[in-house]
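Notes follow the structure.
These values consider heavy atoms only, across backbone and side chains, with no hydrogens, waters or symmetry-generated copies.
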Amino acid sequence: MGAEEDKKKKAAKMARRKQEIQLQQEIETAEEWEEMIAKEGLWVVDVYQEWCGPCAAMVGNFRRLKNELGDDLLHFAAAKADTVDSLEKYRGRCEPCFLFFAGGVLVAYVHGANSPVILRTITEQLKAEHKVIDGNGERKEVKDPIISNLEEREKAQYDEEENEKEEEVAMLGRKSTAELEKKGFTVAIIKPDAVREGKAEEILQQMEEAGIEILAKEERQMTEDEARTFYDHLKDEEYFEDLIQFMSSGPSCVLVLTKGHKGDTVITEWRELIGPTSVEEAKDKAPQSLRAKYGSEKCMNALHGSDSPETAAREMAFFFPDMAIPTIPAPGSKPQLQRTLALIRPDAFSKNKDEIIEKIKEAGFKIALHKEMTLTEEQAKEFYKEHTDKPYFDELIARMTSGPLMALGLAREDAVSEWRKVLGPTVNAKEEAPDSLRAQFSIDESSINQLHGSDSPETAEKEIQKFFPMEQTVAAIKPDAFSTKDEIIAKIHEAGFRIAARKETTITKDIAEEFYGEHKGKEYFDDLVGHMTSGPTMFMVLSREDAVSGWREVIGPTNPEQAQTEAPESIRAMYGKDILLNAVHGSSDIDQARSTIKQVFGDLEFQPDESEPTKDQEEPAVEETQAEASDVAPEFRQEGTGVTEQKTEERPASEAKEEDKTGSKGEDAKEGDVKDGENKAEGKAEDEQKGEDASKATEESETKEEETKQDEDTKEEDAKKDDETKTEQKEETKPEEQQAPA
């Protein structure tokens, strides 16, 4: 009896969907799937699971488009992920999901029932398929990022397990860090005479040409006492006092150098490169040496080099007391990824930005951080203060402040030295390295190079911090996207963020209504409250350089439909459904982030120099293993920001207030730019008002005390006055706050 009833139900179902089946081929087995993708034409596949069924809302659109186009190459199918093995990874992730296949390969995908995007994609891919069939084009296979991320996490987990096994096997035979063989190095000084005459850059360039690696670099002016201590071994020489006066007369450039895998020849090679101590002897016996070129007399011989490993160790401790002695990488160890700062200066930015970025990628660099900004004169002078006495300084400052530039954080193995090789020499680049970027993108009307690169790992870290200061921001995975939180967290790690704190909670209706009180009476009010109370929300504190603007770039525009067009790889494009159900939240500026962190997590203390939080500081709500899925995160997280205190019992009511207005206010100002200052200030005032309201709602929830209407009105007026004052102050100070270096 039961079997007969099932047959009747199935027959009724088939009758109801007769016309739909005529349009969409039903795919329920692996064989049917293989047959479908092997057929000619463009297949638009609605991937579904039995519990929710295909997307009925799109059938009418598909039928209309099919009739309008009348194209025999266009086919539609509905594939059940529950029973098709090839769609196994879509189980739990296919509501709704449309895949576009041609010639057996995936050529496009759309997540969400976004009718305009789906129909536009059909038209574009159908046109492309006709070109392929006519021999005028090639199919471009794509990967669905949702599935790619899942596969990467699975691979990362597998690799981690394999690495742990290898670690266990090798543990007994491995040397500790303290036992690793020390790498050779030397200390070099470009003395005040060469620095004063503007020769430091030329000398640095000749170091690079000789294959010498700069491990650390610092410009400093020695005091007389420091000079006496450093040259104490020469105190009995008759020229000692002259030497002290000379070495303390102006800034020197102090460097730690190495060369090759072991660095065991760097002391000898550097001393050969600089030549004999006596300038006269250098000019006679080694005319190509640096002292022969740049020195003038006994004391003023332009350069210094350590004469033994023991002296090098003493001198490095004198100038760089916190620097660890470099070690030789263990056999079979993975190369250490490095990062450096690159600047595309205003002239090149306005004319050649896209071409330069393409060449950066071709050279094997990962662009992990980027920012467009305009420097003030004060910021430019601070950044280039070591060039103050150079004849080109005024032109340099004028060029650097003439318009927007682009700052980039680049990552790869030996990023500092490799980027400087790609850049080419600072002078005569056209003649000496015509294929270098400085040669290709020079401008005739200026003697200033159009690109900048850090000259040592130590300098790179300092410069990156100036342009991309370490920040914290608040991220929230909203109820509509909570089921995909693991995938979103993986994207957070891939973007180089560290999750410093996290908490799952559900906002109550009373708090949500109070929180959204200013929207009461508006048509979307009930939907807004209903959505934010419909399930759990995950709040997170994210740490990274430029975290606020960086996170907003990762999540994309407030409206998912706009995000799918403008930023198809963004989180809202992939997981958002509409402007209300847009998956995630991000603070709009640093002040709002600080306010929300306090409301949700309490008084957290961040330690900028701490690479990882201690075990008792981490919350176990979500595992951190997804970090392995990132190909740039490990080297580009500014080894972040640990948390010394976390509160996990507070009930947040702050998240929704900061952003979820259904309208243009969700479109936040671009990060880091000085432009549109007045609009930013106005947006800032609105955000701060929202933060004040959120703070009240949270306080009421925690204390469960009702305030009288009179008290609320008074507080509102006071808050508005404070906001107006803050806005005026921020309008005056915003450019300097937003634009690093400061």
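- A side chain to side chain contact (heavy atoms under 4.5 Å, CB included) with L408 holds for exactly one of I464, L369, I344, I356; it is I344.
- Considering K491, H111, E487 in turn, E487 is the only one that fulfils the side chain to side chain donor-acceptor pair (under 3.5 Å) rule with Y575.
- Between the side chains of H452 and E463, at least one donor-acceptor pair of N or O atoms lies under 3.5 Å.
- Put simply, CG on L341 and CZ on F467 are 6.0 Å apart, with the number rounded to the nearest 0.5 Å.
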request  = Could you walk me through whether K485 and I488 pass side-chain contact (heavy atoms from CB on, under 4.5 Å), step by step?
outcome  = CA-CA 5 Å; K485 64 181 181 180; I488 294 174; 5.6 Å; no
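- Rounded to the nearest 0.5 Å, atoms NZ (K359) and CG (L451) are 11.5 Å apart.
- For Y90 and Y48, the gap between ring centers reaches or exceeds 6.0 Å.
- Between the T121 side chain and the V117 main chain, a donor and an acceptor come within less than 3.5 Å of each other.
- Every residue two or more places apart in sequence or in another chain that forms a side-chain contact (heavy atoms from CB on, under 4.5 Å) with M540 is listed here: A475, I477, I489, I492, I499, R502, M538, L542.
- A 4.5 Å side-chain heavy-atom check between M470 and Q472 finds at least one atom pair inside the cut-off.
- Judged as a side-chain contact (heavy atoms from CB on, under 4.5 Å), and not counting sequence neighbours, the contacts of A460 are T340, V416, S454.
- A pairwise comparison of heavy atoms in W551 and F497 identifies N-CZ, 3.4 Å as the closest pair.
- Closest non-hydrogen pair, R412 versus A363, comes out as NH1-O, 2.8 Å.
- At least one side-chain heavy atom of T558 sits less than 4.5 Å from a side-chain heavy atom of R572.
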task = Using the side-chain contact (heavy atoms from CB on, under 4.5 Å) rule, take V541 and F601 through it: C-alpha gap first, then chi angles, then the decisive distance, then the call.
result = CA-CA 9 Å; V541 177; F601 296 94; 3.5 Å; yes
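- Looking at L405 and E372, their side chains never come closer than 4.5 Å, going by heavy atoms from C-beta outward.
- A heavy-atom distance below 4.5 Å is not found between the side chains of E471 and S543.
- K143 is not listed as a side-chain neighbour of L106, based on a closest heavy-atom distance of 4.5 Å or more.
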query = Please walk me through it: do F383 and L375 pass side-chain contact (heavy atoms from CB on, under 4.5 Å)?
reply = CA-CA 10 Å; F383 188 71; L375 293 182; 5.6 Å; no
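- Using modelled atom types, one side-chain atom of Q564 and one backbone atom of A573 make a donor-acceptor pair closer than 3.5 Å.
- Atom CG of L87 and atom CG of D82 lie 10.0 Å apart (nearest 0.5 Å).
- Here the OG atom belonging to S456 is positioned 7.5 Å from the NZ atom belonging to K462, to the nearest 0.5 angstrom.
- Distance check: Q379 CD to M373 CE gives 5.5 Å after rounding to the nearest 0.5 Å.
- Side-chain atoms of D546 never come within 3.5 Å of backbone atoms of F468 as a donor-acceptor pair (strictly under, hydrogens ignored).
- When all heavy atoms are compared, the tightest approach of I555 to G586 is CD1-N, 3.9 Å.
- Of all non-hydrogen atoms in A593 and S587, the two that sit nearest each other are CA-OG, 3.4 Å.
- I360 has its side chain within reach of L410: a pair of non-hydrogen atoms, C-beta onward, lies under 4.5 Å apart.
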task = Report the C-alpha separation of I357 and I367 in whole Å, then their side-chain angles, then the decisive distance to 0.1 Å, and conclude whether the side-chain contact (heavy atoms from CB on, under 4.5 Å) test is met.
result = CA-CA 9 Å; I357 288 175; I367 299 177; 3.8 Å; yes
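- Shown here for S534 and H531, the closest heavy-atom pair between the two residues is OG-O, 2.6 Å.
- Looking at M58 and F98, their side chains come closer than 4.5 Å, going by heavy atoms from C-beta outward.
- A pairwise comparison of heavy atoms in P536 and T506 identifies CA-OG1, 3.4 Å as the closest pair.
- Side-chain contact between Q592 and D589: present, with at least one pair of heavy atoms (C-beta onward) separated by less than 4.5 Å.
- A donor-acceptor pair shorter than 3.5 Å can be found between the side chains of N582 and K478.
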